[in-house]
Amino acid sequence: MSRYLSRRFDGLEEYIPGEQPQDRTYIKLNTNESPYPPSPGVLAAVNTAEVARLNLYSDPDARILTQALAAQYGVEPEHVFLSNGSDDILNFCFLAFCDGGAMFPEVTYGFYPVYAALHGVAYETPPLRPDLSIDPADYCSAGRTVVLANPNAQTGLALPLSDIERIVQSNPDHVMVIDEAYVDFGAESAVELTRQYDNLLVVQTFSKSRSLAGARLGFAIGPAALIADLNRLKFSTNPYNLNRLTQLAGAAALAEQAYYDENCRRIRETRARTRQALLDLGFTCTDSRANFLLASSPAIPGGELYRRLKDRGVLVRHFTDPKIENHVRITIGAPDEMEALLAAVRAILG
Ligand SMILES: *Cc1c(COP(=O)(O)O)cnc(C)c1O
């Protein structure tokens with residue numbers, strides 16, 4: 001840290017992303033990317049002719065993509081906000097809507113406390129239940145901005161829409177943000193509820209179910225006034241934050257939804273098979289609705305399993321948070337990748 005850095009960032013602890021190692025090829029099951037490539041239309045849309053137009057700025061309103069998303073989710077374009085990955089949108093949410101403080105679970109997406117600290121937002125973190133589920137009662141009448149990942153990050157457990165509605169109803173004076181990064185893998189989306197509640201914002205991403213993590217494309221759906229607030233912040237920082245190629249890729253992906261639906265179905269199927277195999281090996285494993293499993297074995301600590309898998313060329317994610325330090329988070333990859341994971345686990349457990 002230099003002596004020039006603003007004092008308010010003195011103690012800021014940045015988010016540590018999952019490893020993206022370049023030293024060797026791993027079976028990469030650590031950052032919840034899709035094992036499947038983008039659909040053929042995406043590959044065709046991002047072509048040499050479009051690269052040759054990179055001398056021109058992108059459309060700051062991303063009109064084509066916004067309209068396509070609005071059509072797909074059955075809302076008007078003024079209910080759709082787009083930005084450079086959903087991380088970017090979550091950052092705007094902590095900047096925009098948290099004057100009265102925030103509340104999110106003790107175990108969840110590690111970026112929430114970082115954004116809160118970045119923007120000086122005080123926050124409360126109700127613990128999970130012993131089975132790692134969220135108790136919705138903790139968030140009713142919270143009196144502050146509630147941010148919930150549904151399915152929750154790290155655990156994959158999902159709340160039903162009825163619980164989301166109960167929470168949003170009980171907090172009419174604060175925004176509730178539902179981070180649906182993993183919703184396409186088997187949870188109920190709250191998009192429909194955003195028609196009824198002027199304080200509900202749903203954030204989604206193209207990074208997981210739509211195979212575009214590297215393109216950086218996130219979106220929010222919500223009441224027009226909240227979307228206008230987000231646009232005000234985006235146009236006060238970086239209006240061109242969605243590059244031309246990403247806008248084309250996103251629109252092309254939406255035109256091939258069936259391809260992504262089929263990939264999600266395959267991932268759910270692989271998830272069920274992998275989970276059963278881990279249970280058979282004596283693991284406990286959350287009933288994940290996301291494209292990952294959170295698993296722990298009584299035979300080996302989470303950190304050690306992570307390291308020994310890495311030695312064998314299989315990368316999973318380990319968190320030092322005491323609540324889940326004995327677990328590893330395993331992204332659902334292609335079937336052959338999961339076979340390799342299970343073979344490595346069997347070899348390690350002897
Ligand atoms: C992956 C993830 C994100 C970030 O997605 P990007 O759109 O790639 O920025 C946000 N929230 C949760 C819970 C995630 O797991």
Side-chain angles (χ1 to χ4, degrees), residues 9 12-20 28 30-34 58 60 62 65-66 69 80-98 102-105 107-121 123 125 145-156 175-185 189-190 201-222 226-227 229-243 245-247 249-250 253 290-292 317 319 321 329 331:
F9 300 131
L12 184 66
E13 283 187 48
E14 69 262 38
Y15 177 74
I16 302 166
E19 299 162 88
Q20 304 290 352
K28 205 171 163 304
N30 69 327
T31 49
N32 298 342
E33 292 141 327
S34 175
S58 57
L65 180 52
T66 303
L69 263 175
V80 177
F81 174 75
L82 284 158
S83 210
N84 188 259
S86 57
D87 285 342
D88 209 34
I89 302 178
L90 295 164
N91 180 45
F92 284 141
C93 288
F94 277 88
L95 181 61
F97 303 126
C98 293
M103 184 184 278
F104 44 82
V107 175
T108 187
Y109 189 33
F111 233 136
Y112 303 158
V114 176
Y115 291 135
L118 178 65
H119 301 302
V121 171
Y123 59 93
T125 56
T145 300
V146 171
V147 182
L148 287 181
N150 195 40
N152 195 15
Q154 322 329 350
T155 69
V175 169
M176 177 172 185
V177 178
I178 307 294
D179 179 352
E180 295 189 347
Y182 301 107
V183 74
D184 296 334
F185 301 105
S189 173
L201 195 66
V202 170
V203 180
Q204 291 197 16
T205 177
F206 280 64
S207 292
K208 315 278 167 50
S209 61
R210 289 194 177 100
S211 301
L212 284 174
R216 313 307 304 128
L217 180 56
F219 62 101
I221 296 180
L226 295 185
I227 299 300
D229 293 341
L230 292 172
N231 271 313
R232 183 192 284 218
L233 295 185
K234 170 168 145 174
F235 280 79
S236 302
T237 46
N238 184 2
Y240 298 113
N241 73 356
L242 283 185
N243 71 70
L245 301 180
T246 292
Q247 292 190 27
N291 66 339
F292 58 82
R317 189 97 187 254
F319 297 93
D321 181 330
R329 193 194 66 189
T331 301

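The figures here come from the full heavy-atom set of this structure, side chains too, leaving out hydrogens, waters and symmetry mates. Because the structure is a prediction, the values reported are computed rather than measured.
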Quiz prompt | Qualifying residues under side-chain contact (heavy atoms from CB on, under 4.5 Å), relative to A117, sequence neighbours excluded | solution = L12
Quiz item: What are the two closest heavy atoms between M176 and L148, and how far apart are they?
Solution: CE-CD1, 3.9 Å
Exercise. Work out which heavy atom in A96 is nearest to a heavy atom in L233; give both atom names and the distance.
Key: CB-CD1, 3.4 Å
Exercise. Could you pull out the closest heavy-atom pair between I89 and S83, with the gap in Å?
Key: CG1-CB, 3.6 Å
Exercise. Classify the angle between the aromatic ring planes of F104 and F94 as parallel (below 30°), tilted (30 to 60°) or perpendicular (above 60°).
Key: perpendicular
Quiz item: Considering only heavy atoms from C-beta outward, does the side chain of F92 approach that of V203 to under 4.5 Å?
Solution: no
Self-check item: K28 side chain reached by Q20 side chain, heavy atoms, under 4.5 Å
Solution: yes
Quiz item: Minimum heavy-atom separation for A153 to T108, with atom names?
Solution: CB-C, 3.8 Å
Quiz item: Donor-acceptor pair, T205 side chain versus A181 backbone, under 3.5 Å?
Solution: no
Quiz item: Looking at side-chain heavy atoms only, is the closest gap between Y123 and V147 below 4.5 Å?
Solution: no
Quiz prompt | pair N238-N84: side-chain heavy atoms closer than 4.5 Å | solution = no
Quiz prompt | Side chains of L201 and C93 in contact at under 4.5 Å (non-hydrogen atoms) | solution = yes
Exercise. Kindly state whether the ring of Y15 and the ring of Y115 have centres lying under 6.0 angstrom apart.
Key: no
Exercise. Identify the heavy atoms of G110 and Q154 that sit nearest to each other, and give their distance.
Key: N-NE2, 4.2 Å
Self-check item: Minimum side-chain heavy-atom gap L69-F206 below 4.5 Å
Solution: yes
Self-check item: Student check: side-chain heavy atoms of F219 and L65 closer than 4.5 Å
Solution: no
Self-check item: Set of residues satisfying side-chain contact (heavy atoms from CB on, under 4.5 Å) with respect to N32, sequence neighbours excluded
Solution: Y182, K208, N291, F292, R329, T331
Quiz prompt | side chain to side chain contact (heavy atoms under 4.5 Å, CB included) partner of S189, the single match among N150, V183, D184, I221 | solution = V183
Quiz item: Any donor and acceptor pair, going by atom type alone, linking the side chain of E180 with main-chain N or O of V202 inside 3.5 Å?
Solution: no
